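Okay, so here's the structure we're looking at.
Each chain gets a letter, A, B and so on, in the order the sequences are listed, and its residues count up from 1. All values derive from a computational prediction rather than experimental measurement.
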Amino acid sequence: MYTGAYVAEAVRSGVNAVPPGQAEAARAIGLPFSGVIGRIVLPQAIRTVIPPLGNLWIANLKNTSVFLVIGINELTRVGRQLGQANADYVSAFLVVGFIYVVLVYGSAQLFKLIERRVEIAR
Amino acid sequence: MSASILTEELGPRGRARVRNATIVSGVLVAAFAGFILYRLYTEGQFEPRLWSQFVDFETGWPTFLLGGLWDTVRAAVIVMILASVLGLVLALVRLSKTRALRFISGLIIDVFRGPPVLLFIFFSFFALPQILPGALGNQIARNALYALIIGLTAYHMAVLAEVFRAGILSLDRGQREAALGVGMTEGKAMRYVILPQALRRMIPTIVAQLATITKDTSLGYIIGLSSDLTGRGRAFAQGSPINDLQTWVGVGVLYFIIVWGLSRIARRLEVQQRRKLGAGAIAVTGEADLGALAEEADDEVATARGTGAK
């Protein structure tokens with residue numbers, strides 16, 4: 001629900017970024033509302049919101065660490081348990097941190113790749 | 001009112017449809033809200049004695065809860081100051097001429113921005129006492145507030161470093177060139193011309209970041225911090241009549257006042273600045289937008305280098 005609010009705002013800004021002429025032209029050739037949205041506006045909007053969606057994905061990836069509060073075995077919690085079991089928090093958290101860094105920058109690269117592939121030439 | 005460009009102007013039937021849908025959904029939302037209030041009422045959650053705990057100053061409890069604000073605010077302000085200083089240093093080093101320094105600073109910023117802030121809090125609470133020499137380590141292990149401050153500082157200095165870098169790069173290139181043109185050294189140009197303007201532009205973003213830090217201090221609860229607002233709320237909730245709902249509503253209101261106040265201030269500062277500077281000011285951003293901000297900065301660096309080489 002929390003992330004949904006952010007996604008909604010991102011998509012809205014993407015729809016606003018589509019030039020008004022696109023929607024007007026779609027209506028002028030007689031497309032119904034579903035056609036205007038589904039075939040003309042959204043496909044262009046989604047491509048422009050890939051970078052903000054990527055940022056949201058990364059923020060989300062990190063927010064999952066809060067799941068440990070309700071006892072879910074996610075990465076940070078497992079790290080703490082390992083540190084406790086081996087009496088060595090330093091290496092446990094360094095490894096966990098490294099995994100997060102790989103995940104975060106890996107997905108950043110992936111989103112950049114997608115962004116470049118679907119870029120709209122305007 | 002102008003119609004949306006996505007839809008045609010509605011006819012009488014369309015208008016009736018919209019009106020009916022509005023009425024039906026309005027009734028559904030009202031019914032749901034009414035149901036929740038009714039359940040709360042039948043469960044006795046509105047009983048005055050549960051809510052009067054917030055104003056019964058004779059019991060000492062309201063003072064106890066409000067006292068939690070001191071550690072929350074203190075932690076947030078200390079983190080803000082430390083993270084700003086370290087962040088500014090990192091940003092300046094990242095913009096320096098020496099390639100090796102640039103690389104190291106960039107690496108630090110990226111590594112500290114990667115993992116979630118919770119991991120830094122854990123690291124400083126559990127791992128630092130294992131690394132640091134006896135007395136210092138013991139201090140941290142015994143004092144969750146110190147661990148919280150160190151953890152939050154490590155994360156937010158990297159975030160702020162990117163904000164500072166974006167702010168410095170957002171300044172017109174002519175400012176630096178003019179400063180060099182009148183015979184200033186690079187360092188002087190930075191100190192007397194670029195930073196004073198860039199920092200002023202960043203004030204709204206920094207105030208907004210303070211709001212985020214204030215919220216993040218509540219994570220101290222995970223390492224057993226009991227003296228901040230969240231920690232005191234936990235003790236407050238263990239009062240004799242069961243009052244979890246009331247406690248967290250009250251604590252939520254207190255956090256809301258601080259955070260909402262700060263974001264109002266940030267927005268007002270930003271509007272003021274827009275008026276004074278024209279566009280230019282950096283928009284107030286949440287954490288999610290910082291990546292984009294940094295990328296913009298990267299692009300600007302690339303274009304600046306590209307045009308500079310010509």
Shortest non-hydrogen contact from S218(B) to K215(B)? OG-O, 2.7 Å
Would K112(A) and E115(A) pass as an ion pair if we require N to O under 4.0 Å? no
Measuring heavy-atom distances to chain B, does V90(A) have an atom under 4.5 Å in its side chain, in its backbone, in both, or in neither? both
Which of the residues Y100(A), Y105(A), F33(A), Y89(A) is involved in the greatest number of heavy-atom pairs with chain B at under 4.5 angstrom? Y89(A)
Name the region of I37(A), side chain, backbone, both or neither, that has any atom closer than 4.5 Å to a heavy atom of chain B. side chain
Considering residues, nucleotides and ligands other than Y146(B), do more than 12 of their heavy atoms fall under 6.0 Å from its OH? no
Pick one of side chain, backbone, both or neither for I40(A), based on which atoms fall under 4.5 Å of a heavy atom in chain B. neither
Are side-chain heavy atoms of I58(A) and S107(A) found at a separation under 4.5 Å? yes
Would you say N73(A) and Q81(A) make side-chain contact, with heavy atoms under 4.5 Å? yes
Could you tell me which portion of V36(A) (side chain, backbone, both or neither) has an atom closer than 4.5 angstrom to a non-hydrogen atom of chain B? side chain
Quick test of your reading of the model: are R77(A) and E74(A) salt-bridged, counting only N-O distances below 4.0 Å? no
Contact origin within D88(A) toward chain B - heavy atom pairs under 4.5 Å: both
Is chain B contacted by the side chain of A92(A), its backbone, both, or neither, given a heavy-atom distance below 4.5 Å? neither
Where does F120(B) contact chain A at under 4.5 Å (heavy atoms): side chain, backbone, both or neither? neither
